[in-house]
Number of protein chains: 2
Amino acid sequence: MGTVGKAIFLLELFTAEEPEHGLSELARKAAFDKATTRRLLVSLATGGMVEQDAESRRYRLGAGLSRLARIREMHFPFLKVTVPVARGLAQETGETIHVSEYSAGALATVHVELSARANRVNVDVGQLLPLHGTASGIAFLAFSRPTVMEACMRRAMAAFTPYTVTAPDALMTAVQAAAARGYSRSDQGYEEGVSSVAAPILGVDGCAIGTLAIASPLSRIDDTIAEAHGRAAIDAAREISARLSGEPVAAALERAS
Amino acid sequence: MGTVGKAIFLLELFTAEEPEHGLSELARKAAFDKATTRRLLVSLATGGMVEQDAESRRYRLGAGLSRLARIREMHFPFLKVTVPVARGLAQETGETIHVSEYSAGALATVHVELSARANRVNVDVGQLLPLHGTASGIAFLAFSRPTVMEACMRRAMAAFTPYTVTAPDALMTAVQAAAARGYSRSDQGYEEGVSSVAAPILGVDGCAIGTLAIASPLSRIDDTIAEAHGRAAIDAAREISARLSGEPVAAALERAS
DNA sequence: AAACATGAGTTCAAATAATGAACCGACAAG
DNA sequence: CTTGTCGGTTCATTATTTGAACTCATGTTT
């Protein structure tokens, strides 16, 4: 791993649950030397990617990230397009909706609309979802270039629950089913007691760039409901894809009609 | 500059106006060797910080940035708190409001509410504002630790217009005036024909962490209006500071009364 | 209160990773 | 057919990163 890779690795240690870290703690978690870790952090800090609390000396993600993310969002308004659609779908289905974007071999959760019900699935914004073993991942693979699928197969597939699909041919079957139906389904593949369906968000070239998923407690799901959720996910994801590909006039007319 | 610094430097070349770049173009702009540039870009891409368009081979900012920014925003909801306040102030004043956060020796514009009027000031999200020479910068300096001021003075101060304050003692005077009044004012210091006032957003330790500014065409501004804008900026910035410092109960009661 | 543990941050010789000139193949314009 | 530009690659040279050992400060246990 190059120096830049290490710096990024450090950034990835900051999560929704653990948004602040001390120096030694980071060095331990990353398995880097303390001196190395510190040099990387100083470099990141001078670039605004992390900040150090003046008194506690702990590090957290920096404002430079917000800035760059906003520049990206200006040019490619993923959130702006996604949030209203996800919100509508959450209302409609009463379940938790999460939207993710492909990033560096995984799906990065960029928005979550939590179900209003007491018994609901919780997903954290910022969480990285593996391509195998989540409904989102399967849906993504089903609409990716073959190279993405191959790269995924080559890597070791971790089992998150006893139900996780880890066998290459089983994964292939699931992906093909998703490609045929237009949506994927995964029961307890990533977390026990959770059933999800997901549909791909497509880029201008027709390949998946992200996914939209509906996650429900298993107890509320049967095949009929899952099918309905799947179709709803497809519609919502299509809506997002269309708006991202900038069909301003056609879509506006369609929605108005 | 270390390797990590160079990688971040590359990221900073992506702006709202130029959100995509080819390899040679980036190498030229950064004054790095093409091979070096490419290696950095590959590292950044495998970390999700940039993406490469599959067909045009051009690079743009990556989804990993959105992910990290969302994690930060979860923990420190700058935008969530800022946006409604800025929107209200924009309605109230009819002028463009921009909010920035301190990052790596400058102020990063993280949100903009454009005036509804035809003749208005335009500011880009993601733009970096220098500490000297903008109303935001002066307001920030006026409520910073002395070390920040010193660091700013040491660096060369660029003149953006004939009106930009570049002399250290003149800057000092402006900063002291801002500290006394609670808001700063700058006429045409950064762009000709623009008059701005700004107030600091304060962290828990009482030091500035960002600013809120009201930017108007010079033609609409006189001393009375500027004063009124200044007071409005202070109130809005205080509101943001308070909510960020998490005074949920007290503030809710106060607002309710 | 003395010993101990852990934290942040620093140093410098040794080792590793970054560098850049030259190169390739592809494409477009003159 | 030449010329220029583009994205991308190679490899010997060079400069940067590395990490064990070291402060110094703070907090904890006996």
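Just so you know, these numbers come straight off a predicted model, no measurement behind them. Sequence lines set the chain letters: A, B, ... in the order given, protein chains first and strands last, and positions in each chain run from 1.
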Side chain of Thr3(A), heavy atoms from C-beta onward: which of dA8(C), dT19(C), dT17(D) has the nearest atom to it?
dT17(D)

Rounded to the Å, how far apart are Arg57(B) CZ and dT9(D) C1'?
13 Å

Report, as yes or no, whether the 6.0 Å neighbourhood of atom CD on Glu12(A) holds more than 12 heavy atoms from other residues, nucleotides or ligands.
yes

5'-most contact on DNA chain D: Ala35(B) or Arg28(B), nearest heavy atom basis?
Arg28(B)

For the side chain of Ser184(A) and the backbone of Ala135(A), is there at least one donor-acceptor N/O pair under 3.5 Å apart?
yes

Mind running a 4.0 Å heavy-atom check of residues 38-56 of chain A against DNA chain C and sending the residues that fall below it, in number order?
Arg38(A), Gln52(A)

OP1 or OP2 of dT5(D) versus the side-chain N and O atoms of Ser24(B): is any pair under 4.0 Å?
no

Consider the side chain of Thr36(A), meaning its heavy atoms from C-beta on, and name the nucleotide among dG8(D), dG19(D), dT9(D) that approaches it most closely.
dG19(D)

In this structure, how many angstroms lie between the C1' atom of dT19(C) and the NZ atom of Lys6(B), rounded?
8 Å

Using atom OH of Tyr59(A) as one end and atom P of dG7(C) as the other, report the distance to the nearest whole Å.
14 Å

Could you state the CZ-P distance from Phe32(B) to dA15(D), rounded to the nearest angstrom?
17 Å

Could you tell me the separation between the NZ atom of Lys29(B) and the C1' atom of dC6(D), rounded to a whole number of Å?
15 Å

Could you state the atom-to-atom distance from CD of Glu25(A) to C1' of dG7(C) in whole Å?
11 Å

Look at the rings of Phe32(A) and Phe9(A) and say which category their plane angle falls in: under 30° parallel, 30 to 60° tilted, over 60° perpendicular.
tilted

Could you label the plane-to-plane angle of the Phe140(A) and Tyr102(A) rings as parallel, tilted or perpendicular, counting under 30° as parallel and over 60° as perpendicular?
parallel

Whole-Å distance separating the NE2 atom of His21(B) from the C1' atom of dC6(D)
16 Å

Taking Thr109(A) for its side chain and Gln127(A) for its backbone only, find out whether a donor-acceptor pair lies under 3.5 Å.
yes

Which whole-number value in Å describes the distance from Asp33(A) CG to dA8(C) P?
13 Å

Decide, yes or no, whether a salt bridge links Glu25(A) with Arg58(A) under the criterion of side-chain N to carboxylate O below 4.0 Å.
yes

Ignoring hydrogens and angles, are the base of dG9(C) and the side chain of Lys34(A) linked by a donor-acceptor pair under 3.5 Å?
yes

Could you walk me through whether Asp33(B) and Arg39(B) satisfy the salt bridge (Lys or Arg N to Asp or Glu O under 4.0 Å) test, starting with their C-alpha distance in whole Å, then the side-chain angles of each, then the deciding distance to 0.1 Å, before giving a yes or no?
CA-CA 10 Å; Asp33(B) 187 89; Arg39(B) 212 161 15 77; over 6 Å; no

